[in-house]
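Heads up: the structure comes next, in structure tokens.
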Amino acid sequence: MSAPAPGSFETRVLHVVRRIPRGRVATYGDVATMAGRPRAWRAVGTIMRTCRSPSVPCHRVVAAGGRLGGYSDPLRKRRLLQDEGVVVGPTTLPQFAAIRWTTLDTS
DNA sequence: ATTTTGACCGTGC
DNA sequence: CGCACGGCCAAAA
């Protein structure tokens with residue numbers, strides 16, 4: 001089993017994503033900031049791509065500006081978010097500002 | 001150690 | 001609104 005080194009950026013990112021509440025979303029930039037590297041959103045995407053763990057709700061990570069962002073299966077991502085009560089537009093989240101989650105949020 | 005690769009971001013046209 | 005370009009970062013090759 002190839003496990004990421006403890007304390008690595010990947011481990012911290014996965015930890016953050018796992019903390020995103022159901023029905024809420026966070027941007028790659030937000031995750032990067034919460035992981036301690038505000039300018040590492042690029043790497044967050046790279047890590048997300050390798051993250052195929054079902055324990056990590058990677059579908060709750062969206063792009064900046066409330067855009068849907070990428071996914072291995074875009075349709076699946078939409079369905080998962082809608083299943084959590086998230087309103088998903090054609091390529092954006094109309095309620096993005098309301099459901100955006102950060103560590104500063106009371107939850 | 002160096003190069004390539006991305007589920008990105010912001011700006012400009 | 002859409003597309004092109006540069007910049008940014010860590011992981012993988």
Side-chain angles (χ1 to χ4, degrees):
Chain A
M1 300 269 293
S2 52
S8 67
F9 186 66
E10 177 178 352
T11 302
R12 286 182 305 209
V13 167
L14 297 179
H15 196 76
V16 169
V17 174
R18 201 181 270 180
R19 289 165 58 188
I20 303 177
R22 194 172 183 274
R24 307 290 294 273
V25 297
T27 68
Y28 292 90
D30 291 339
V31 173
T33 301
M34 289 186 269
R37 294 290 184 276
R39 301 182 178 179
W41 15 261
R42 260 286 198 179
V44 172
T46 303
I47 292 167
M48 288 282 104
R49 188 180 93 55
T50 64
C51 168
R52 300 176 181 87
S53 305
S55 314
V56 182
C58 33
H59 62 273
R60 294 181 193 151
V61 182
V62 299
R67 286 174 299 185
L68 209 87
Y71 202 75
S72 53
D73 267 309
L75 297 180
R76 176 151 188 145
K77 186 172 187 177
R78 283 208 294 227
R79 199 190 98 222
L80 287 170
L81 288 173
Q82 289 176 351
D83 198 40
E84 296 183 357
V86 178
V87 180
V88 183
T91 59
T92 61
L93 307 177
Q95 299 300 309
F96 168 65
I99 64 178
R100 186 182 190 179
W101 180 85
T102 63
T103 46
L104 304 178
D105 270 332
T106 61
S107 55

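Numbered from 1 within each chain, the chains take letters A, B, ... in sequence-line order.
A/Y28 and A/V62 sit in two unconnected hydrophobic clusters of ILVMFWY residues. Membership requires side-chain heavy atoms under 4.5 Å apart, directly or through other members. A/I20 and A/V88 are assigned to two separate hydrophobic clusters, defined by single-linkage of ILVMFWY side chains at heavy-atom distances under 4.5 Å.
Using a distance-only test at 3.5 Å, with no hydrogens or angles considered, a donor-acceptor pair links the side chain of A/R78 to the main chain of A/P90. Not a single donor-acceptor pair under 3.5 Å links the side chain of A/R67 to the backbone N or O of A/T92.
Nearer the 5' end of DNA chain B, as judged by each residue's closest nucleotide, is the contact made by A/G70, out of A/G65 and A/G70. When each of A/T50 and A/W41 is assigned the nucleotide of DNA chain C with its nearest heavy atom, A/W41 is the one assigned upstream, toward the 5' end.
Of all nucleotides listed (B/dC9, C/dA10, C/dA12), C/dA10 comes nearest to the side chain of A/R37. The side chain of A/E10 sits closest to C/dA12 out of B/dC9, C/dA12, C/dC9. Here the nucleotide nearest the side chain of A/T46, chosen from C/dC9, C/dG7, B/dG6, is B/dG6.
Rounded to an integer number of Å, the gap from A/D30 CG to C/dC9 P is 17 Å. Residue A/R39 contributes atom CZ, which lies 15 Å from atom P of B/dC9 at whole-angstrom precision. Between the C1' atom of B/dG6 and the OH atom of A/Y71 lies a distance of 17 Å, rounded to the nearest Å. Atom CZ in A/R67 sits about 10 Å away from atom P in C/dG2, given to the nearest Å. B/dT5 atom C1' lies 13 Å from atom CD1 of A/I47, rounded to whole Å. Rounded to an integer number of Å, the gap from CZ of A/F9 to P of B/dG6 is 18 Å.
For A/F9 against A/A43, the heavy-atom pair with the smallest separation is CE2-CB, 4.0 Å. Here the closest non-hydrogen pair linking A/W101 and A/M34 is CZ3-SD, 3.6 Å.
Residues of residues 11-24 of chain A that place a heavy atom closer than 4.0 Å to DNA chain B do not occur.
A/V25 pairs with exactly one of A/V61, A/L81, A/D30 by the side-chain contact (heavy atoms from CB on, under 4.5 Å) rule, that one being A/L81.
Across all strands shown, A/Y28 has heavy atoms under 4.0 Å from base atoms, whether or not it also approaches the sugar-phosphate. Among the protein residues, A/A43 comes within range of the nucleic acid bases, having at least one heavy atom under 4.0 Å from a base atom.
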